[in-house]
K.L.:
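Pasting a structure below so you can have a look.
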Amino acid sequence: MAYPSFPVIGVSDGDLGSAAARSGLALRVDELRRIAERLGRDPSRVEVRAFDAQWSEHCSYKSSRHLLGRLPTDGPNVMQGPGEDAGILHVGEWNGERYGVVIAHESHNHPSQVVPFEGAATGVGGIVRDVLCMGAEVIAVADALRLGRTERADSHQRYVARSVVNGIAAYGNAIGVPNLAGDVYFDERFDENCLVNVVALGLVKERDVIHSCAPPNAEGWEIVLVGKATDASGFGGAAFSSVRLDEGDEEANRGAVQVPDPFLKNVIMRASYRVFEYLRERKLAAGFKDLGAGGIMGCSAELCGSGGFGAVVDLDRVSAAIQGMRPEVLAVGETQERLCWVLPPEVTPAVLRIYNEEFSLPEIARGAGAVAIGTVTREKRYVLLHGGESVMDVPIELLVGTIRDDLPVPVVPEPAAVDPQRRWIAGERAVGDIFERVLSHRDVCSREALYREYDGVVRGTTVIPRGYADAGAIAPIPGSPLGVALSVDGNPRYGRLDARRAAELAVIESVRNVAAVGARPLGLTDCLNFGDPRNPEHYAELVAAIDGLAVAARELGMAYVSGNVSLYNESKSGNAVPASPIVACAGALGDVAKIVTLAFKRPGSALYFIGEAQNAIGGSVLAEVLGVRGAPLPNIAYARVRGELESLARAIDAGLVLAAHDISDGGLATAIAEMAFAAVTQLGRTVGARLDDPSAWTGGAAGNLEALFGEAGGFVVEVADAAAFDRACAGTPFVSAIGTTIAQPAIAIGAERFDLAPLHEAWRRPLAEVYP
Amino acid sequence: MSAKVAVLVFPGTNSEMETVRICRDVGLDARAVQWSYAESLPSYDAYVLPGGFAYEDRIRAGAIPAHDPMMDAVIEGAQRGKLVLGICNGAQILLEAGLVPGTGPVRKPTAAFTRNAPVPRFVCTHVHVKLAIEPSRCAITAALEREALIPAWAAHGEGRLAANDEHLAEIAAGGHLAFVYAHADGTVDARAVPNGSALGCAGLTNKAGNVLAIMPHPERDAWEFNHPDLRSGANVLAPSGGAMLFASFAEALKDT
């Protein structure tokens, strides 16, 4: 090979390690030796960059793949499980067609910490491409944000918090995809590493799915690159996200962040929809994949390799934004807004015409367009040409095949049973002492100031916008009452205490949120955000969380159809994020007419609590507000969780439920308050609540404050016909009548009474200061 | 034969799908016409400019698309009396093209929908707009009731009407102020205005009353299923709420 090599053979471990570090490689010395050994020579500079990307944690899941096998991935709703750019869940039939909802979930944590606007925006851009390339129309996005302390106006954390939201808004709004769901938490352990998780949904008919691999007869087909001109941005991005953030390298890290272009993406999406139509009319097969980590090389190699083929790609045919770019930058740089097709040669001209002429990509952005850059080959090698010469020539399975870093798997003990009787609050406290403090807590207060910057209603399909219920919902099929619901969850206060329980609770919470709007939970995605896996403590947390995800999903009959692992979420000072398993749940609504929102609808309704109060208040906002330490997370009894879900579904299906709200951060009293606030702001109605003293409905199982503010979970429901509801829930021990709605703007609990207005203001104000 | 309506798609437009859909649901023969097919525009009876970020909102929202060749057909049609409805970004384009309020020459705007105030931030929030002219003053609103209250979603970063005092006075005196922001009960005050818009303006019409520019999106609250509270036994797929503006638009095109 004429192209300069990266010397490995005969170089000492010490020299090789420093050469790798100087070049900014994430590959370890043993990995470099493995590559040279398999190639039988020193790798070229292009090859070493290619392996650096493909063998990064980000692409290879090398230290998590063997663990992820523990997750359930199959079930009656699964149309497409993990392994492609996105998974697909069967959402229902309409006009004789089976429809799938495509779902993908990723993190863009490192880029968002370094360059928050661009990092968060390109996170949305990437996840949208993952859904698009399954042949789907993109119908919704959601985001889970974990941010540092924003109290100080001049802090970097506030800058990150604002810019991340600006970036998500700028991108999602411009491409015209509604932001349907999400959550946000603030914690000092995100000060140096924010988490930005993004989820996207798509809609596709089962027979129209396009796979992210070359079809079986693809030998000799063309590889067509679509999108933005390739530039030097995002060079080393995959490797960058697979190392710890080092503040000293901030400048170098910035170069690894990609530059978003939602304007161009808007047009590429619409042009791609037109290409889908063209291929469907002619019943043509094709492969389609998003360019993410590893750039042109990573995408084309995975497309062809997963189909059992090799590839030859000519870098000279790539539209380059800058003259004289080095082949390694062209090959693995992560310029945004690009996708790759594998097409029969006779189809290529029509597809190029759609992108380049009908949608005039070259006039939309300089150098943008669609161009054939290579060929699918029978020989299973991955070959890159540059200047007429081979600069990379490796066995394709070495590049994209499974690699594993078999770290010893610690045995994670089963969580200890929690003593349900033990109280952690000393003495008795009045509700009035803490109600406003809970409502104004950073994890409880209104999120509206944040999400009102996101367009939640573009496309005109929105049934439940953010803030109206526990899950967002859309009616994505024109002319059909079928609906899709979505929620994203994961609580870092729980993650700090117990990674496994936190994972279980994230699954339960996401399923509950979807159920609370009357949807049938279909399936899950997960994103595992953790510290350095080579730190045994963080690795044990990761293993425990995966176990928790697996247990909860099996118990609730759910499968994971896609997901992402984001490790190394720590800075050089060793400050790692709390264990953050984040879960999204998609649900189906047979008829959006049956949806339930959280706002109280009218005075005089009966209020019920579906769930079980516990004294275990570990990880709760209540524990933080009272300064209680040492308490465990609540016990999880899956039979009860399933029973709660079934009771609620039955009652909603029978049309008995006026409003429903999942109980999470801030507990039952917070849920009640939010239902009253929503009545005012969303319906213009004054509806308060009168609750019996908790001792009347807990039967003494938990203290009053624990019952009102504890986070053992469940639902609050507003019911018009109490007798019918009682009949529907007869024999279920965890359904309790707790009070009624009233016509006064107040919440009365036992003998205490609170005016709604000051509570509402305490809840509304805190984030309005961060997001004016 | 129902009237042929072109829903214009510029590079960066993002609301063509729902706009076409509501036009069709009220009986119009609407289709999206993309920039590469600009030459077909003169054959349409009416034009709708939907929301989005045409040409990326470069310079000012609406400034570049106002000079796009697609607008030649729209301007010519408007001058010959064809109906033109612009929503959100489409409204911004109509102002930049000088078609509304239409008090100056074409493509020499006398007013603009510009950066929200006091905080220059994109805002997505549910609003109501109230008809502030006699319905018959504008052909597109002629079938609405007096002071009709229409639910819609404001979703924009540049929706504040701005003009100098002289032009604002012209807008007020000339009956150009078609819609103002209002509360759900129809009352009008500054708290109902989500963006600091002068005169509480949510929509403007031209002198001839054949062109209407409206900032909030009635097409995003235009079917029963869009209202989280309005579906007690109703057909969730039926047009409602914001659809009334499109129904009035269709009524005006009935004899076309």
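Note on naming: letters A, B, ... go to the chains in the order of the sequence lines (proteins, then strands), and numbering restarts at 1 for each one.
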K.L.:
Quick one: what part of A:Ala449 sits under 4.5 Å from any heavy atom of chain B, side chain, backbone, both or neither?
P.N.:
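Answer is backbone: N, CA, C or O of A:Ala449 sit under 4.5 Å from chain B.
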K.L.:
As a quick check of understanding, evaluate side-chain contact (heavy atoms from CB on, under 4.5 Å) for B:Trp35 and A:Ile364, giving each step before the final call.
P.N.:
CA-CA 11 Å; B:Trp35 63 92; A:Ile364 301 296; 4.2 Å; yes
K.L.:
For A:Arg274, is it the side chain, the backbone, both, or neither that has a heavy atom closer than 4.5 Å to a heavy atom of chain B?
P.N.:
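Contact with chain B is absent: no heavy atom of A:Arg274 under 4.5 Å.
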K.L.:
If you round to the nearest 0.5 Å, how far is CZ of A:Phe263 from CG of B:Asn14?
P.N.:
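One finds 12.0 Å between CG of B:Asn14 and CZ of A:Phe263.
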K.L.:
Please classify the contact of A:Glu357 with chain B as side chain, backbone, both or neither, using a heavy-atom distance under 4.5 Å.
P.N.:
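It is the backbone, since no side chain atom gets that close.
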K.L.:
B:Val123 versus chain A, heavy atoms under 4.5 Å apart: side chain, backbone, both or neither?
P.N.:
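Answer is both: backbone and side chain atoms of B:Val123 are under 4.5 Å from chain A.
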K.L.:
Mind ranking A:Ala169, A:Gly483, A:Ala475, A:Pro772 by heavy-atom pairs under 4.5 Å with chain B and telling me who comes out on top?
P.N.:
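Between A:Ala169, A:Gly483, A:Ala475, A:Pro772, the count favours A:Pro772.
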K.L.:
Between B:Thr19 and chain A, with a heavy-atom cut-off of 4.5 Å, which part of the residue counts as in contact: side chain, backbone, both or neither?
P.N.:
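Interface part for B:Thr19: neither.
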K.L.:
At a heavy-atom separation under 4.5 Å, does B:Arg58 approach chain A through its side chain, its backbone, both, or neither?
P.N.:
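When you check distances to chain A, only side chain atoms of B:Arg58 fall under 4.5 Å.
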K.L.:
Any chance you could measure B:Glu18, atom CD, to A:Thr462, atom OG1, to the nearest 0.5 Å?
P.N.:
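B:Glu18 atom CD to A:Thr462 atom OG1 measures 9.0 Å (nearest 0.5 Å).
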K.L.:
Is it the case that over 12 heavy atoms from other parts of the model lie below 6.0 angstrom from the CZ atom of A:Arg602?
P.N.:
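No - once you tally the heavy atoms of other residues, nucleotides and ligands closer than 6.0 Å, there are 12 at most.
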K.L.:
Could you tell me the separation between the CG atom of A:Asn179 and the SG atom of B:Cys124, rounded to the nearest 0.5 Å?
P.N.:
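Nearest 0.5 Å value for the CG-SG distance: 9.5 Å.
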K.L.:
Nearest heavy-atom pair of A:Val165 and B:Arg121: which atoms, and what distance?
P.N.:
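It is CG1-NH2, 4.2 Å.
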K.L.:
Which atom pair, heavy atoms only, marks the closest approach of A:Val457 to B:Arg220?
P.N.:
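Shortest heavy-atom contact: O-CD, 3.3 Å.
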K.L.:
Calculate, to the nearest 0.5 Å, the distance between atoms OG and CG belonging to B:Ser15 and A:Asp455 respectively.
P.N.:
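Result: 7.0 Å between the selected atoms.
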K.L.:
What are the two closest non-hydrogen atoms of A:Val592 and B:Phe225, and how far apart are they?
P.N.:
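Between these two residues, the closest heavy atoms are CG2-CB, 3.9 Å.
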K.L.:
Any non-hydrogen side-chain atom of A:Pro262 less than 4.5 Å from a side-chain atom of B:Phe53?
P.N.:
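The answer is no, as the side chains (C-beta and beyond) never meet within the 4.5 Å cut-off.
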K.L.:
Determine, stepwise, if the pair A:Thr461 / B:Met17 fulfils side-chain contact (heavy atoms from CB on, under 4.5 Å).
P.N.:
CA-CA 10 Å; A:Thr461 54; B:Met17 183 194 79; 4.3 Å; yes
K.L.:
Who among A:Arg270, A:Gln682, A:Lys265 has the most heavy-atom pairs with chain B under 4.5 Å?
P.N.:
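Of A:Arg270, A:Gln682, A:Lys265, A:Arg270 has the most heavy-atom pairs under 4.5 Å with chain B.
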K.L.:
Hey, what do you get for OH (A:Tyr454) to CZ (B:Phe122), rounding to the nearest 0.5 Å?
P.N.:
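Taking OH in A:Tyr454 and CZ in B:Phe122, the distance rounds to 12.0 Å.
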K.L.:
Atom CD in B:Gln34, atom CD in A:Glu358: separation rounded to 0.5 Å?
P.N.:
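Interatomic distance, B:Gln34 CD to A:Glu358 CD, rounded to 0.5 Å: 5.5 Å.
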